[in-house]
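Take a look at the structure below.
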Amino acid sequence: GNINSWSEVVTLFKGRSIFTTGKVALINAFLYYFVMEDQWEMVIVSFSLIYIVSKSFVSRQQHIQNELERDRFRTMAYTDFMTGLANRAMMDQQMKKLNGTEESLGIVVADIDKFKQINDTYNHAVGDLVIKHFGEILKKHTDSEDFVFRTGGEEFTLFLRGRSYETCVAFLETLQEYVNSHPCEIELDEKVSSISYTVSFGMCFTQTNVDLPMERAYICADQLLLEAKRLGRNRIVYKDCHPSNCHSRKLSPN
């Protein structure tokens with residue numbers, strides 16, 4: 001009764017798969033045969049089976065839909081809406097997973113220098129663009145096994161995995177040079193402007209064991225970031241806290 005034209009018939013069939021169309025046609029053929037043969041018991045049995053199968057199918061579809069909804073909300077709970085990076089809640093989860101695994105990794109805390117000045121000079125919308133710009137740089141330069149988190153405001157945290165102490169340092173130096181030479185391009189007052197900014201880094205290279213859990217290594221990296229800020233910003237201060245080779249802190253020039 002809802003089909004009023006041949007185009008609606010075509011649309012109906014296009015919206016169904018060949019399997020669905022064939023299944024419906026076969027069921028209708030059996031029902032027509034049973035009715036024509038006055039086999040009403042078989043009609044009742046057929047309708048009962050169709051009802052049971054349909055309920056099962058709907059239940060399965062609802063289960064899949066619920067799973068998709070749970071995955072969507074889980075993703076929302078662990079994702080930073082502005083940059084698309086993982087958030088601090090996800091970082092806490094990964095810390096718990098990595099603790100005690102004896103994995104060697106570089107824990108890096110990075111912070112955009114003088115970010116308040118960017119907001120005050122332009123506006124908060126421009127500040128958000130700078131945050132997104134740096135987030136994209138981190139996505140571009142890190143490997144798939146690395147973890148990158150936006151942990152608040154203009155602060156980011158990285159877990160550099162599968163690297164030695166020296167390669168972690170070299171990575172951060174390359175990253176710093178890239179940020180310094182690639183300003184954020186924005187459209188302001190109907191013209192394109194470039195906003196240059198710098199980033200300070202603190203890195204603690206460690207092994208995830210009971211002697212130095214992830215939480216303490218993170219605090220160490222955060223303290224090294226504060227030292228980089230104190231020394232003039234646009235710097236990398238790093239420390240090797242690996243049990244087999246514990247060095248005193250070092251810093252890179254700006």
Side-chain angles (χ1 to χ4, degrees), residues 83 85-86 88 90-92 94-115 130-131 133-182 196-254:
T83 61
L85 297 170
R88 193 181 188 99
M90 176 58 80
M91 185 183 78
D92 293 339
Q94 294 302 329
M95 279 185 171
K96 292 177 182 177
K97 290 180 181 179
L98 290 169
N99 262 336
T101 60
E102 303 293 328
E103 179 179 345
S104 297
L105 75 163
I107 301 177
V108 181
V109 182
D111 189 86
I112 299 174
D113 295 325
K114 298 182 179 179
F115 184 73
V130 172
I131 289 175
H133 181 262
F134 183 53
E136 289 300 320
I137 290 176
L138 293 179
K139 291 178 189 177
K140 179 179 179 180
H141 283 79
T142 49
D143 296 334
S144 58
E145 64 266 23
D146 295 328
F147 293 118
V148 184
F149 313 94
R150 183 186 175 208
T151 44
E154 65 275 20
E155 183 180 285
F156 296 78
T157 300
L158 293 78
F159 296 165
L160 302 179
R161 309 174 71 190
R163 294 178 174 88
S164 66
Y165 173 64
E166 291 76 16
T167 54
C168 283
V169 173
F171 168 83
L172 291 179
E173 289 173 344
T174 301
L175 185 61
Q176 182 189 43
E177 291 174 3
Y178 188 91
V179 172
N180 290 342
S181 59
H182 290 77
S196 297
Y197 64 95
T198 62
V199 178
S200 295
F201 300 89
M203 184 192 75
C204 176
F205 187 77
T206 185
Q207 186 181 61
T208 57
N209 54 41
V210 293
D211 296 324
L212 185 60
M214 292 283 291
E215 292 78 8
R216 282 178 54 195
Y218 171 78
I219 292 172
C220 174
D222 197 39
Q223 290 297 317
L224 294 173
L225 168 66
L226 293 177
E227 186 171 355
K229 295 281 191 181
R230 183 179 62 81
L231 292 170
R233 299 182 178 85
N234 194 23
R235 292 176 180 269
I236 309 167
V237 179
Y238 41 88
K239 184 177 182 180
D240 187 354
C241 293
H242 198 284
S244 63
N245 189 25
C246 189
H247 295 161
S248 59
R249 65 124 180 117
K250 297 182 180 180
L251 60 93
S252 73
N254 60 353

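Heavy-atom basis, side chains included; hydrogens, waters and symmetry copies ignored.
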request  = Taking salt bridge (Lys or Arg N to Asp or Glu O under 4.0 Å) as the test, write out the residues that go with E103, two or more places apart.
outcome  = R161

Greater than 12 external heavy atoms within 6.0 Å of K139's NZ = yes

ask   = Got a second to check how far H182's NE2 is from F134's CZ, nearest 0.5 Å?
value = 14.0 Å

ask   = Quick one: are V179 and T198 in side-chain contact, heavy atoms under 4.5 Å?
value = no

ask   = Tell me, do F115 and I131 make a side-chain contact under 4.5 Å, heavy atoms counted?
value = yes

key: Set of salt bridge (Lys or Arg N to Asp or Glu O under 4.0 Å) partners for E215, sequence neighbours left out   = none

message = I'd like to check M90 versus F147 (side-chain heavy atoms, cut-off strictly below 4.5 Å). Are they in contact?
response = no

query = Which distance, rounded to the nearest 0.5 Å, do you find between the SG of C220 and the CE of M203?
reply = 10.0 Å

ask   = Can you check side-chain contact (heavy atoms from CB on, under 4.5 Å) on D113 and E154, steps first, answer last?
value = CA-CA 9 Å; D113 295 325; E154 65 275 20; over 6 Å; no

inquiry  = Less than 4.5 Å apart, side chain to side chain, heavy atoms only: is that true for T142 and L175?
reply    = no

remark   = Residues at least two apart in sequence or cross-chain that pass salt bridge (Lys or Arg N to Asp or Glu O under 4.0 Å) with K114, listed by chain then number, are none

key: Sidechain-backbone polar pair: T206 side chain, A217 backbone, donor-acceptor under 3.5 Å   = no

Distance-minimising heavy-atom pair for L105 and L98 = CD1-CD1, 4.2 Å

message = Any heavy-atom pair between the side chains of F171 and D146 that's under 4.5 Å?
response = no

task = Could you pull out the closest heavy-atom pair between Q94 and F159, with the gap in Å?
result = CB-CE1, 4.3 Å

query = Hey, are the side chains of V108 and F156 touching, using non-hydrogen atoms and a 4.5 Å cut-off?
reply = no

request  = Measure the OH-OG1 distance between Y218 and T157 for me, rounded to the nearest 0.5 Å.
outcome  = 4.0 Å

request  = Please confirm whether the backbone N or O of S200 pairs with a side-chain atom of D111, one donor and one acceptor, at under 3.5 Å?
outcome  = no

note = On a heavy-atom basis, the closest approach of V109 and A221 is CG2-CB, 3.8 Å

query = So how far is it from F201 CZ to N234 CG, rounded to the nearest 0.5 Å?
reply = 8.5 Å

message = Please report the interatomic distance CZ(R230) to CD(Q223), rounded to the nearest 0.5 Å.
response = 11.0 Å

inquiry  = Measuring from atom CD of E136 to atom NZ of K140, what distance do you get when rounded to the nearest 0.5 angstrom?
reply    = 10.0 Å

message = If you compare all heavy atoms of G135 against all heavy atoms of L85, which two are closest, and at what distance to 0.1 Å?
response = CA-CD1, 4.1 Å

